[in-house]
Structures are given as C-alpha cells and as structure tokens.
Enquirer: 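Could you have a look at this structure, given as structure tokens, before my questions?
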Amino acid sequence: MRMAQRFKRVGKSTKPIRTSESGINDPEYRASQRLQSVSTVAKPKSRETESPKPLSLPIPIAIRSPHSLDEMKILPPQFFQIDALDLAPRLLGKFLKRNDVVLQITEVEAYRPNDSACHGRFGITQRTAPVFGAGGHAYVYLCYGLHTMLNVVADKEGVGAAVLIRSCAPITGLSTIQQRRGQKTEKPLLLAGPGKVGQALGISKEWSNHPLYSPGGLEILDGPNPENIIVGPRVGIEYALPEDVNALWRFAIAGTPWISAPKNTLRPP
DNA sequence: GAAAAGATTAAA
DNA sequence: TTAATCTTTTCC
C-alpha cells in the first residue's frame, strides 16, 4: 500500500538544481575548498565502449592513514549557514565523527522553509526548535517510534531548514558500527538508510541541537567533494504537496554503493 | 483527551 | 508485505 504510493510519483521535472548564489563568505574556507576539491565537470566521453556508470568515489586519503584523520579539519559554523539546497550537496563526501566511529556522507535530502514536507511547516515546537536555530547544529528525532534520524540544521537563525543524512559509508570503527547495528556485514545493508546512520552513531533525540562544529561529541569534518552527483525526489513524503514531492532535493554521490532505497529514482542532474 | 500518521527497517 | 513502536500534531 505505502510502497505503491511511494513509487507512484517519480519526479520527471527537468528543473535544474539551484546553484549557490550567496555561497560561503569566509575567504579562507573557500581557498581550502579550492585546494582539495575535485573537478565537478563531467568528463567527456572518449569511447562508447566505456562503462556507462561512473566508478566508485575514490577512497579518500584519510581512510588509509589514521594519522591524516587527526589532521582533518572540523567545519566552521558558517559552512552550514546557507540555503539547505546549497548545503545538501556540499555535505556529500564530508565526515561524521563520534569517538572511534567516522562515517562519510553519501546521500542527503534538503528540507526548507515553505516546504510542505519539512518538519518546520507547523512552526517552532519543542521537537522542531533546533531546525529554526542557527545552521551547524544537529536536529535529531524519532521516526515511527523506532528510528533515530540525524539532520544537519542549515541556514541562519530563524530559518527552518535542515539536511537529512540518509546514507553513509563506514570509514573507521567498523566493529563499533556493526555492534551498534547488530549486523556483521560490510555491505550497504550496514549503513544505507537514515535510521541506520543514527543507530551506527549511537545517538538519540537527546543529541538534538548539538553543535556539530565544536570539538567533542558528534562532529562534521571536512572531506573531498565527489566527482559526480545524482539527484532525485525525496523519499517517504507522499503527504506533501505535489510540487514538493516532485522537487529533486535528494542528492547522492554517483557510483557509491552506499545509497538507500529506492535507487532507481536517482539520476544525473 | 483521543486518534492518526509518520523524512523507516528487517524479516517472512 | 507486514509488524514493530511511540512521539508529535490535530481534531473533537
């Protein structure tokens, strides 16, 4: 029943992704992004025999060397204080860190003001207050009475916007992740899905409003920008207005196996 | 106060 | 396909 509804509406819109206008104002941060960013321009097709699918995201240097993990920089508050639609794709490739566990963000969704799918649509309540706070905090809530969902609050204070972390790739602390998840696998079953991310990080709604830019607890560290991104309509929001259901506000790293279901609604922008 | 529904998951 | 499970929001 719900499955049928879920697949009924697949976004056919060709509306281009909104690109950053205001962007990040900190010049120092911009410089560092330039240095480490990988080209986002699609490579020209040299041969027709080439595989149509892009290869998996290259393994970040940080994965191989714990030493370089120590040098990874925590992202400043201003990184998050932009439109959720700009922030969402920028979070791809970044790292979530809690003690020994480090996850790389592979799939996200943007939720914004005047968005009938956003939890902020009823205004400030006890649960949603962090969504209206300054960008860079966590918004954590319980879904279906079972699952802990982690969002990154976006934009300025007073704006109700956030980015849902839907999937991650495990980087360090695999055994801790497996223990918390109750799964011994290393396959995407381990971390592809928003409830799984919250469980793997061992967080509860008590973590809502936690600052992600402060050392200690749960942090977001800088990471490489993905080569290519795929987009699609958001998942599980059939109750929303059609224009919001159809908006292509779900983003994922192209080629990564760490993507939640349904995958067939994602495609190049 | 009661009731419905939910940004889901794993197992059958 | 369905049960699990409980908080939030709405409606009477």
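The sequence lines fix the lettering, A, B, ..., with proteins before strands; numbering per chain opens at 1.
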Enquirer: In residues 184-194 of chain A, which residues come under 4.0 Å of DNA chain C by heavy atom?
Expert: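 Within this stretch, nothing sits under 4.0 Å of the strand.
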Enquirer: The criterion is ring pair (Phe, Tyr, Trp, His ring centres under 6.0 Å); which residues satisfy it with A:H210, sequence neighbours excluded?
Expert: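 Testing A:H210 for ring pair (Phe, Tyr, Trp, His ring centres under 6.0 Å), a comparison that skips the adjacent residues, returns A:W207.
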Enquirer: Could you give me the stems involving DNA chain C, meaning stretches of three or more consecutive Watson-Crick or G-U wobble pairs whose two defining distances are both below 3.5 Å?
Expert: B:1-6 with C:6-11, B:8-11 with C:1-4
Enquirer: So, using ring pair (Phe, Tyr, Trp, His ring centres under 6.0 Å) as the criterion, who are the partners of A:Y213 when residues are at least two apart?
Expert: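 Partners of A:Y213 by the ring pair (Phe, Tyr, Trp, His ring centres under 6.0 Å) criterion, ordered by chain and then number, come out as A:H137.
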Enquirer: Check whether the ring centres of A:H119 and A:Y141 lie less than 6.0 Å apart, and answer yes or no.
Expert: yes
Enquirer: Once you apply a heavy-atom cut-off of 4.0 Å, does A:S260 come out as touching a base, just sugar-phosphate, or nothing?
Expert: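 Nothing: the residue A:S260, judged by heavy atoms under 4.0 Å, touches no strand.
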Enquirer: Would you tell me if any nitrogen or oxygen in the side chain of A:Y239 comes within less than 4.0 Å of OP1 or OP2 on B:dA7?
Expert: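 Yes, such a contact exists.
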Enquirer: Quick one: which of B:dT8, B:dA10, C:dT9 gets closest to the side chain of A:V235?
Expert: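 The closest nucleotide is B:dT8.
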Enquirer: Please check the phosphate of B:dA7 (OP1 and OP2 only) for any side-chain N or O of A:R250 closer than 4.0 Å.
Expert: no
Enquirer: Within the structure shown, what part of the strands sits under 4.0 Å from A:R127 by heavy-atom distance: base, sugar-phosphate, or nothing?
Expert: sugar-phosphate
Enquirer: Please name the pair of heavy atoms, one in A:P262 and one in A:T265, separated by the smallest distance, quoted to 0.1 Å.
Expert: O-OG1, 3.6 Å
Enquirer: Can you check the A:L146 CG to B:dA5 C1' distance for me, whole Å?
Expert: 14 Å
Enquirer: Can you see which heavy atom on A:L150 is nearest to which on A:L164, and at what distance?
Expert: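 What the structure gives for the nearest pair is O-CD1, 3.5 Å.
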Enquirer: Grab the NE2-P distance between A:H147 and B:dA11 for me, whole Å please.
Expert: 12 Å
Enquirer: Look at the side chain of A:T148 and the backbone N and O of A:L142, then say whether any donor-acceptor pair between them is shorter than 3.5 Å.
Expert: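 No; judged by distance alone, with no hydrogens or angles, the pair does not exist.
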Enquirer: Starting at atom NZ of A:K196, determine the distance to atom P of B:dA7, rounded to an integer number of angstrom.
Expert: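 Distance check: A:K196 NZ to B:dA7 P gives 18 Å.
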Enquirer: What are the residues of residues 114-123 of chain A, sorted by number, that bring a heavy atom to within less than 4.0 Å of DNA chain B?
Expert: A:A117, A:H119
Enquirer: Between B:dT8 atom P and A:L150 atom CG, what is the distance in whole Å?
Expert: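 Going from CG in A:L150 over to P in B:dT8 covers 14 Å.
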Enquirer: In whole angstrom, what separates A:I259's CD1 from B:dA7's P?
Expert: 21 Å
Enquirer: Could you note down all residue pairs passing ring-ring contact (aromatic ring centres under 6.0 Å, His included) where residues 149-183 of chain A supplies at least one of them, sequence neighbours left out?
Expert: none
Enquirer: Under the salt bridge (Lys or Arg N to Asp or Glu O under 4.0 Å) rule, collect the residues that match up with A:D115, sequence neighbours excluded.
Expert: A:R234
Enquirer: Should A:Y111 be counted as stacked on B:dA7, where stacking needs a ring-centre gap under 5.5 Å and an angle between planes under 30 degrees?
Expert: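 By the stated criterion, A:Y111 and B:dA7 stack.
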Enquirer: Is there a residue in residues 197-208 of chain A whose heavy atoms reach under 4.0 Å of DNA chain B, and which residues are they?
Expert: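 When residues 197-208 of chain A is checked for heavy atoms under 4.0 Å from DNA chain B, there are no hits whatsoever.
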Enquirer: Any side-chain heavy atom of A:L190 within less than 4.5 Å of one from A:I177?
Expert: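 Yes - at least one pair of side-chain heavy atoms lies under 4.5 Å apart.
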Enquirer: Nearest whole angstrom, please: distance from the P of B:dA7 to the CD of A:E238.
Expert: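 About 10 Å, once rounded to whole Å.
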Enquirer: Hey, is the main chain of A:T128 close enough, under 3.5 Å, to the side chain of A:T125 for a donor-acceptor pair?
Expert: yes
Enquirer: Show me the pairs that pass ring-ring contact (aromatic ring centres under 6.0 Å, His included) and involve residues 176-201 of chain A, at least two apart or across chains.
Expert: none
Enquirer: Starting from C1' on C:dT9, measure out to CG on A:L142 and report it in whole angstrom.
Expert: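 In whole Å, C:dT9 C1' and A:L142 CG are 15 Å from each other.
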Enquirer: Can you tell me which residue pairs pass the salt bridge (Lys or Arg N to Asp or Glu O under 4.0 Å) test with a partner in residues 158-184 of chain A, sequence neighbours excluded?
Expert: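 As it turns out, the salt bridge (Lys or Arg N to Asp or Glu O under 4.0 Å) pairs with a partner in residues 158-184 of chain A, which skip direct neighbours, are A:E107-A:R166, A:E109-A:R166.
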Enquirer: Please write out which residues are connected to A:L266 in a hydrophobic cluster, directly or through intermediates, given that two of Ile, Leu, Val, Met, Phe, Trp, Tyr count as joined at side-chain heavy-atom separations below 4.5 angstrom.
Expert: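 For the cluster that includes A:L266, the remaining residues are A:I230, A:I259.
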Enquirer: Among residues at least two apart in sequence or on other chains, which ones pass side-chain hydrogen bond (donor to acceptor under 3.5 Å, both in side chains) with A:S204?
Expert: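 So A:S204 forms no side-chain hydrogen bond (donor to acceptor under 3.5 Å, both in side chains) with any residue.
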Enquirer: For A:L164 and B:dA7, what is the distance between atoms CG and P respectively, to the nearest whole Å?
Expert: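 These atoms are roughly 10 Å apart.
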